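A short worksheet on the structure shown next.
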Amino acid sequence: MDAQQAQQRINELSEEIRRHNHNYYVLSKPAISDYQFDMLLEELIRLEKDFLEFSFPDSPTRHVGGGITKEFKQVQHKYLMLSLGNTYSEEEIRDFEARIHKIIGEDVEYVCELKFDGVAIGLTYREGRLVQAVTRGDGIQGDDVTTNIKTIRSIPLKLQGSGYPAEFEIRGEIIMPHASFEKMNERRIEDGDEPFANPRNAASGSLKMQDSSEVAKRKLDGFFYYIPTEFPGVKTHYECMQAAKSWGFKISEYVVRCKTSEEIFDYLNTWDTARNELPFDIDGVVIKVNNLKQQEALGFTAKSPRWAISYKFKAEQVSSVLLSVAFQVGRTGAVTPVANLQPVQLAGTVVKRASLHNADVMASLDIRIGDTVFVEKGGEIIPKIIGVDLEQRKADSEPLSFINTCPECGAALIKQEGESAWRCPNEAGCPPQIKGKLEHFISRKAMNIDSLGEGKIEMLYDNGLVHNLADLYDLTFEKMIGIEKTYYGAEDNKEKKISFREKTVSNILNGLDVSKNVSFDRVLYGIGIRFVGETVAKKLASHFGSIANLSSADYSALVEVEEIGDKIAQSILSWFSLPGNLELVERLKAAGLQFTLEESPGARVSVKLEGLTFVVSGVFQNFSRDDIKKTIEAHGGKNVSSVSAKTSYLLAGEKMGPEKRKKAEKVGVAILSESDFLEMIQT
Ligand code: IVH
């Protein structure tokens with residue numbers, strides 16, 4: 001394929017993929033299968049890799065992410081990013097209407113909208129292309145999060161239709177839908193990370209991540225609700241939103257025009273309950289004057305527009321009685337106090353349990369058995385106890401104290417500086433930690449042994465057959481056949497037994513056998529070093545190449561790897577310092593698991609860089625550091641880690657260390673910019 005044909009195909013594919021993205025993510029009406037979509041996207045990714053000159057910043061491939069933001073640039077807002085006045089009652093809404101009526105003097109039409117509970121964002125489009133995305137910050141200036149925002153598939157990188165101003169800003173809210181939130185938290189818990197408290201925090205945390213390919217996995221979404229830039233042809237806010245919709249933006253389908261207070265109150269009351277059925281969080285309703293001329297006449301106070309107001313829902317609250325407090329030990333040994341409550345109906349579900357988070361939260365509530373407690377469901381999915389009804393406290397109630405020893409294995413709990421959780425340190429001997437580690441090891445993203453599951457792991461553990469990961473590979477047919485578990489039926493409460501039959505046992509052995517081919521990065525993720533999630537494991541595997549290199553790496557070698565900071569480095573060092581873990585690795589190695597990276601030699605693209613050596617340093621616009629190194633190799637070049645007189649080029653990204661530059665200048669090594677480099681491999 002020559003360059004001209006490539007350019008044409010890239011254009012066609014980009015248009016087609018844009019259309020399918022819009023169908024799927026904005027309209028929720030996919031026109032092709034996921035597989036067909038993936039094929040189109042893969043073809044485009046491949047072509048853009050081969051023809052870098054046609055890889056544009058608004059290509060739909062940018063949704064996949066890849067760019068790294070080391071530090072978020074502060075950007076001044078062109079229009080202040082104000083908030084809204086809050087109201088909590090119908091009376092306050094009537095006051096708002098009365099104020100408006102007094103200034104405008106004629107009938108006013110309103111628009112009611114959902115108030116999305118997420119992170120406010122301002123997007124700037126120039127000639128129909130997304131050029132900048134900035135968070136609210138302090139309202140005057142915010143963070144430039146453009147690279148991360150581009151991974152959100154419902155956000156158009158290039159607009160459709162016509163009639164949009166040459167340059168304009170649109171504002172909206174980035175949210176994390178419940179489904180994405182729950183999946184992400186499950187993964188975080190699996191990886192030993194603290195789960196996010198609510199979707200809003202998760203969305204905000206995601207936008208501040210450095211690696212945009214990670215942001216892409218978070219499955220964020222965005223709704224748009226305001227265009228501060230004036231443009232001709234529209235007279236009302238409603239029309240403005242319709243225009244934005246026609247350009248490809250995701251506008252809520254629940255935007256309605258209201259003429260009377262009764263219509264407004266209907267909307268408020270409907271959504272106060274209907275919000276429980278939405279797949280994302282809202283925390284109220286926004287009421288806006290529809291006519292833009294009237295909006296202009298009303299203007300702004302120092303803090304908020306006079307033409308709009310928000311009505312905030314009260315967090316739903318009920319009272320219940322504390323029956324007991326249980327202490328749960330997780331896979332990483334963290335002990336969480338959980339309140340068992342008298343079952344009570346709250347926001348559409350029956351609540352029986354509420355998290356008490358940690359010892360400090362428990363102490364500050366001074367909660368006691370038999371207390372009447374207030375339970376609330378705000379932005380959080382898990383309800384929380386917000387207080388105790390002291391008037392109803394029984395005279396003989398006694399303060400509760402946190403436990404000192406592990407409820408599962410009896411080990412003395414410890415608390416590390418800077419952490420809020422008490423932990424059981426008995427990693428290798430505490431049942432839920434062992435079972436949790438085994439479950440993590442067999443999980444889909446690690447060893448993917450689906451013939452084993454939570455129940456089977458429990459049976460193997462309870463029968464004394466496995467105490468650690470390596471024991472799995474010592475399992476034999478004879479050891480497993482016939483092992484039993486007794487349980488009580490949910491309906492009849494009668495004693496029942498299940499046992500491992502021939503088929504189950506041979507499936508397990510087969511699954512274990514197949515897992516010996518699982519690649520090193522997934523084995524590394526599976527062994528469960530704290531803070532080494534899927535992505536970190538990949539980075540470590542490709543950087544060090546083998547467990548031998550990784551286990552002998554010192555602190556400075558570890559933090560040199562992209563995205564590895566102090567916390568992860570310390571955790572890796574401490575894991576490999578325990579003799580039990582080294583022994584575990586040896587046993588798994590002997591069992592035949594992969595502990596080196598099988599280098600699949602990257603496809604050779606050209607010989608343009610043959611005989612040249614490069615030192616790569618700093619941060620790049622179009623590549624992650626690993627990608628740029630791979631590109632060098634794909635064109636026949638070689639990467640070395642330090643500058644010497646023999647180095648051909650120092651490839652300098654932004655924020656390159658000054659020492660490297662000094663050294664290059666001293667020994668006379670040429671310094672290449674990213675665009676010099678692109679030119680070099682293209683011409
Ligand atoms: S209009 C000039 N509409 O709530 C003000 N804001 O507490 C324009 N929000 O700053 C904002 N949903 O971050 C507007 N439908 C909606 C909204 C909305 C959520 C956020 C926004 C705003 C904050 C005010």
Side-chain angles (χ1 to χ4, degrees), residues 77-88 92-93 96 100 110-124 133-143 145 149 154-155 168-177 198-201 203-204 207 220-230 236-242 244-245 249-258 264 267-268 270-272 274-275 278-292 294-315 378-379:
H77 290 296
K78 191 162 176 195
Y79 310 91
L80 288 182
M81 217 164 182
L82 299 173
S83 63
L84 295 169
N86 288 329
T87 58
Y88 297 90
E92 288 173 283
I93 304 273
F96 165 72
I100 287 178
Y110 294 94
V111 172
C112 288
E113 299 175 0
L114 304 180
K115 184 171 187 306
F116 302 99
D117 196 8
V119 183
I121 197 85
L123 305 183
T124 302
V134 184
T135 61
R136 179 208 300 278
D138 60 4
I140 301 167
Q141 54 178 21
D143 289 325
V145 289
I149 285 292
S154 63
I155 292 186
F168 72 100
E169 185 176 338
I170 186 163
R171 293 208 174 143
E173 204 86 354
I174 303 303
I175 55 153
M176 185 177 279
N198 55 49
R200 183 187 351 100
N201 290 1
S204 146
L207 286 187
L220 297 166
D221 204 347
F223 283 98
F224 291 85
Y225 47 63
Y226 178 50
I227 299 185
T229 311
E230 273 179 53
T236 63
H237 170 68
Y238 191 83
E239 286 168 32
C240 205
M241 291 299 100
Q242 296 309 308
K245 197 172 178 176
F249 290 104
K250 190 161 182 166
I251 308 295
S252 160
E253 55 187 302
Y254 307 112
V255 176
V256 302
R257 284 166 290 187
C258 296
I264 296 180
Y267 188 88
L268 304 184
T270 305
W271 283 106
D272 200 354
R275 68 178 158 132
L278 284 171
F280 48 81
D281 280 350
I282 59 171
D283 60 344
V285 159
V286 181
I287 302 143
K288 299 175 179 169
V289 169
N290 192 20
N291 185 303
L292 297 180
Q294 291 176 344
Q295 280 192 7
E296 205 181 49
L298 289 158
F300 292 83
T301 70
K303 279 197 266 166
S304 51
R306 284 198 195 85
W307 44 263
I309 202 152
S310 81
Y311 171 83
K312 291 261 233 175
F313 298 135
K314 283 185 205 73

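Counting starts at 1 for both ligands and their atoms, following the listed order. The first residue in the sequence is number 1, and the count goes up from there. Side chains are part of it too, since the values below use all heavy atoms of this structure and drop only hydrogens, waters and symmetry mates. Quick caveat, the model's predicted, so the values are computed rather than measured.
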[X], any N or O under 3.5 Å of ligand 1 N or O:
| X | answer |
| --- | --- |
| K288 | yes |
| Y225 | yes |
| R136 | yes |

Close approach, [X] and ligand 1, non-hydrogen under 4.0 angstrom:
| X | value |
| --- | --- |
| M81 | no |
| L114 | yes |
| A308 | no |

Residue from W307, Y238, Y110 passing side chain to side chain contact (heavy atoms under 4.5 Å, CB included) with N290: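 The residue from W307, Y238, Y110 that satisfies side chain to side chain contact (heavy atoms under 4.5 Å, CB included) with N290 turns out to be Y238.
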
If you measure from each non-hydrogen atom of [X] to ligand 1, which part falls under 4.0 Å: side chain, backbone, both or neither?
| X | result |
| --- | --- |
| F116 | both |
| E173 | side chain |
| R171 | neither |

Spacing of OG1 belonging to T236 relative to CG belonging to L292, to within rounding of 0.5 Å: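 Going from the OG1 atom of T236 to the CG atom of L292 covers 6.0 Å.
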
Value rounded to 0.5 Å, distance of CG in L82 from NZ in K303: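 The distance works out to 11.0 Å.
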
Atom indices of ligand 1, in the order listed, that fall short of 4.0 Å to a heavy atom of [X]:
| X | value |
| --- | --- |
| Y226 | 2 (C), 8 (C) |
| L82 | 10 (O) |
| A120 | 13 (O) |
| L84 | 5 (C), 6 (N), 7 (O), 24 (C) |

Side-chain heavy atoms of C112 within contact of I264, under 4.5 Å: yes

Side-chain touch V111/V256, heavy atoms, less than 4.5 angstrom: no

Any donor-acceptor N/O pair, D143 side chain to V145 backbone, under 3.5 Å: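 No.
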
Test applied, salt bridge (Lys or Arg N to Asp or Glu O under 4.0 Å); reference residue, K312; option that passes from D117, D283, D272: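 For K312, the salt bridge (Lys or Arg N to Asp or Glu O under 4.0 Å) check succeeds only for D283.
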
Neighbour count >12 (heavy atoms, 6.0 Å) for atom CD, E239: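 It does: E239 CD has more than 12 such atoms within range.
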
